[in-house]
Structures are given as C-alpha cells and as structure tokens.
Protein chains: 2
Amino acid sequence: MTGRSYGQFCGLSRAMESVGERWALLIVRDLLVRPKRFTDLRRGLPRIPTNILSARLKELELAGVVHRTVLPRPAASVVYELTPYGRALEDVVLRLGLWGAMAMGAPEPGEIATIDSVTMALRSTFRPEAAAGLSVSYEFRLGDIVLSAVIDDGTLNVLPGPLPGADLVVEAGHELRALMAGEVTPAEAVEKGMVTLTGDPAGLDRLVEVFHIPPIPST
Amino acid sequence: MTGRSYGQFCGLSRAMESVGERWALLIVRDLLVRPKRFTDLRRGLPRIPTNILSARLKELELAGVVHRTVLPRPAASVVYELTPYGRALEDVVLRLGLWGAMAMGAPEPGEIATIDSVTMALRSTFRPEAAAGLSVSYEFRLGDIVLSAVIDDGTLNVLPGPLPGADLVVEAGHELRALMAGEVTPAEAVEKGMVTLTGDPAGLDRLVEVFHIPPIPST
DNA sequence: CTGGATCCCTCACGATACTG
DNA sequence: CAGTATCGTGAGGGATCCAG
C-alpha cells in the first residue's frame, strides 16, 4: 500500500487503501470495459506515467482487484483483467461517474474523451426502466471516437466502432452530455447545430430518456 | 484542485478530482452522519493533519460538496455540512464501504473504529428487504464505542450512545464484522465468547440477516 | 478552548529516458 | 511490448504556533 494507512478499521478506509490512490479507479474503469494489456491501458490513460501505471497495477493485484495473466504463446504478452472482487466495483464506478457527470460543464482545454470513458458514461446514464420494451440502436460519433449502443428491452450493449444499420447516428461533442443532462432540449440542439443526426430525429427524444444525467439536487 | 487533472472529459475523472484526494471521502463519510465542526472532524479522523483537513475542506467547499457556515452567536464557531450535491454521495460511500468490508480481516495494529465509521458501516450493511415488517432495536458496545440501531419496518435509525430498553445488547469487537459476513455463525460466536449478549440470543440470528456483508464473489 | 496557519521533512507522484 | 531506472517537485505527514 503506497499511502500510509488511515488507521481506521472501517470498510471505506480499507477500500480507499485499495483503490483510493490516484489513477486507480480510472484503471478499474477501463478494465471494466474489457481486459487489457499494458499498452492498451496507456492509450486509454494518455496522461499516466508508465511507472505509475506499473505501480498501480501491482498494488491492485496485491489488493485482489486485478489479475495479471502472462499469455505464453504467440508473443509473450501480459493481460490485466479484473478479478470477481474487482468487478464488484462496477456499481461504485458507475455511480461515482454519474455523480461527477452532474456537475460537469464544458471540457477544460486539453481534456479528451476516450472510447472506454464514453462506454462507461453511457452505461452509467442508462436507465433500464426507460428502455423497457424498447429496441433501438445508436451510433455515436464524438470527435474521432466512434461507438455504438444497442438497446434491447432494458438491456444495453455498448460496442466500439460504427454500427451499420443503426437507427440513428448522432454526431456531437460535449453537447451530448448537455442533452443527457436536460440542459438543452433535443429540438434546441438540432436547431442550433449542436448535434448532427442521420436518421429519424425523433430518435433523439428517446435517447435522452434512456440515457439520462439527473440534475444536481437542490435539497 | 490539488492533484493535477486527469485530462479526461469524463464523469469519473471529474469526481476523482473533487473527492478523490486522500482523506476526502472519509470526511464526507463523517459529514454524512451529521454536520460537524473542525474539531469534531479531527476527533473522528485522529490521523489527519490539521493542514490537510483544512485544505480538504476548502477544496470540498470549492467543489460544491461541503458548505461552511459561521454561526455568529454564542461562541464564534464554524460548522461544516454537506450540500445536497455532497449528500448525493451517500450511495457511493455506502457501497464503497461495503465493498471494502468484504475483504476486511482483523484490524491492523493501531486501527481504531469511530462512532461515525460504525454508524455508516451499519447503514451500508443494512438490508431493508430483510427488515420488512420487523421492529427491533439493538445496542452495540464495541470497545468504548456505544451506539444503537432502531429498526422499524424496513427503516434503520442509528443513534449514538446506549439505548435503554433495547431488545438486545451486543458487546463485541471486530467479531461483529465476521458475524455479519457470515464467517462465523451466531451460535459459534456466542459459544466461543466472541460476543456477549444481554437479551434474547435469538435476536442475534435476526441481526445477521438484517445487517449483512456479502461474500467476495467467486466468479 | 476552537479553528486553523506555518514550518520542515519525507516520500509518492510525475516526467523523461532507457532496457529486456 | 512491457515495463524499469533516474531524478526533480510538490503534496502529505507531523509538530508547533497563533488568533479569536
């Protein structure tokens, strides 16, 4: 454990000692999407120094959150994946991400989105109850990130890359978040050119119901 | 923000920049129990340096998580409380605490429990569905910490101090966690003297159903 | 007494370079 | 590809001091 102990016999303290170090939960976030190699993690976290990534992976392995597998054949390569215990963090990561998304304005200069961060963002804003009985698919183009969401009766599947035959193709930047947060209406967004649609524009109304960021509570 | 940005336009990154610094979520945990003064927070977090507590409170205030109120009368005193946005972290704190509690063994030397940490631990392990239609009260004595839980049809109220007339008084140390985690049965615990009961011992069986720490998932 | 501010020291973090 | 080595900086830790 790198940081010293908090000195408390308490679940939260122990959790913070496992995954509370800088970068740790972002690594978990990316591994929740799928297992990855060292270099994949680097690509998803461009600002992390390699020694820090290395250190975090070791700590997470020691804490039983990550499992390191050495694939012997073709090329000697290493794969990091979450253990079942690590996967049990999904709910926390999703909820914490949604909490942060509530207060998120425009991107700061230099801030990027990654395919994994958007994947988890879509998962965290997804409302199964709003998607019950619904069968629809979207392709998202956010800058150079392209990914797709397939919704089928309360379940969500987020896939990397385009989706030929998607019901609606949505091209946007951070305006997509403002839409999901209800800060702008779909009509406004289309009218002002904040998003570009290919397909039935009415699909955007449904999108903001299915993917929703709640407002900051006032009480 | 003390730590540098993660450089990602992502809810989780933003959340980590708000409450991801060392000690921050423990401060939030204690404030979730009730508003507190600087010195109360110090008492609940004995290992936190005062400059760090000071810095965290400022950062949390800036992030809209904590509100600082100066009470003018009697003595000039300052009260810190969560904003509604900060209170929206309750769910995350509870779940993260429960996640950490799954893998928690015995206390490390020097580790303490505080009344607030136990309060939140009880809240995080509470299963409303197991308490439906139930009306029962417990007094817990854990070392020098005494607190009580009043359960009434799916709702839980945790109070500091003893509870005269409680249905069951439970005196234990960290064995209480092992009980809630199902690592020992109530019968074992009583037999081996791990807990001391005052009241109907059958109440302990109900306790471990109502307050439950799930096992570490194996898949 | 509360609510901090200040000082100093250390180590974790971050940037860069380099290697099996 | 998957890290390790090196090194500078600044946040965290601990003790002390100070104002209301």
Side-chain angles (χ1 to χ4, degrees), chain A residues 1-8 13 16-27 30-31 35-63 66-81 110, chain B residues 1-8 13 16-27 30-31 35-63 66-81 110-112:
Chain A
M1 231 52 53
T2 96
R4 288 273 280 286
S5 158
Y6 292 104
Q8 305 211 175
S13 301
M16 295 312 289
E17 285 162 12
S18 293
V19 297
E21 299 293 323
R22 211 166 147 64
W23 294 105
L25 274 188
L26 296 188
I27 295 170
D30 283 12
L31 290 180
K36 288 190 164 54
R37 300 197 309 219
F38 192 88
T39 308
D40 300 329
L41 286 165
R42 283 190 68 178
R43 259 194 290 274
L45 272 2
R47 302 259 267 248
I48 195 175
T50 62
N51 58 341
I52 299 295
L53 177 55
S54 205
R56 286 296 166 274
L57 286 169
K58 279 193 190 107
E59 293 159 15
L60 290 172
E61 194 185 357
L62 196 68
V66 160
H67 182 240
R68 180 186 200 267
T69 311
V70 181
L71 300 180
R73 258 339 130 280
S77 67
V78 181
V79 171
Y80 296 93
E81 60 190 329
Chain B
M1 229 53 52
T2 95
R4 291 272 282 287
S5 160
Y6 292 104
Q8 305 209 174
S13 300
M16 295 312 289
E17 285 162 12
S18 293
V19 297
E21 299 293 324
R22 208 163 150 66
W23 294 105
L25 274 188
L26 295 187
I27 295 170
D30 283 12
L31 291 180
K36 286 191 167 51
R37 301 196 307 214
F38 191 88
T39 307
D40 300 329
L41 286 166
R42 282 190 67 178
R43 260 194 290 274
L45 274 1
R47 302 260 266 250
I48 194 175
T50 64
N51 58 341
I52 299 296
L53 178 53
S54 205
R56 286 297 165 274
L57 286 169
K58 281 194 187 106
E59 293 159 15
L60 290 172
E61 195 185 355
L62 195 69
V66 161
H67 183 239
R68 181 185 200 267
T69 312
V70 181
L71 300 180
R73 246 2 117 274
S77 66
V78 181
V79 172
Y80 297 93
E81 60 190 330
E111 276 190 340
I112 61 166

Tell me what B/T50 touches on the nucleic acid: a base, only sugar-phosphate, or nothing, going by heavy atoms under 4.0 Å.
->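 Base, at least one base heavy atom under 4.0 Å.
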Are A/R56 and C/dC13 close enough that a side-chain N or O sits under 4.0 Å from OP1 or OP2?
->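 Checking A/R56 against C/dC13: at least one side-chain N or O falls below 4.0 Å of OP1 or OP2.
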D/dA11 phosphate, OP1 or OP2, under 4.0 Å from A/R22 side-chain N/O =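 No, because none of the side-chain N or O atoms of A/R22 sits under 4.0 Å from OP1 or OP2 of D/dA11.
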Would you mind reading off the distance between [X] atom [atom1] and [N] atom [atom2], rounded to a whole angstrom?
{"X": "A/I52", "N": "C/dG14", "atom1": "CD1", "atom2": "C1'", "value": "6 Å"}
{"X": "A/E61", "N": "D/dG3", "atom1": "CD", "atom2": "C1'", "value": "14 Å"}
{"X": "B/D40", "N": "C/dG4", "atom1": "CG", "atom2": "P", "value": "12 Å"}

Nucleotide nearest B/S54 when distance is taken to its side chain, options D/dA2, D/dG3, C/dA5 |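 Out of D/dA2, D/dG3, C/dA5, the nucleotide with an atom closest to B/S54's side chain is C/dA5.
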Closest nucleotide of DNA chain C for B/R37 versus for A/W23: which of these residues is on the 5' side?
->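 The residue mapped nearer the 5' terminus is B/R37.
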Select from A/I48 and B/T39 the residue whose nearest nucleotide in DNA chain C is closer to the 5' end of that strand.
->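 Here B/T39 is the residue nearer the 5' end.
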Would you please classify the geometry between the B/Y6 ring and the A/W23 ring as parallel, tilted or perpendicular, with 30° and 60° separating the classes?
->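 Perpendicular.
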Check the pair A/V79, A/L71 against side-chain contact (heavy atoms from CB on, under 4.5 Å), reporting the backbone distance first and the verdict last.
-> CA-CA 7 Å; A/V79 171; A/L71 300 180; 3.6 Å; yes
Taking atom types as they are modelled, is there a donor-acceptor pair under 3.5 Å from the base of D/dG14 to the side chain of B/N51?
->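 Yes, a donor-acceptor pair under 3.5 Å.
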Do A/R56 and A/E59 meet the salt-bridge criterion of a basic N to acidic O distance under 4.0 Å?
->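 Salt bridge: yes.
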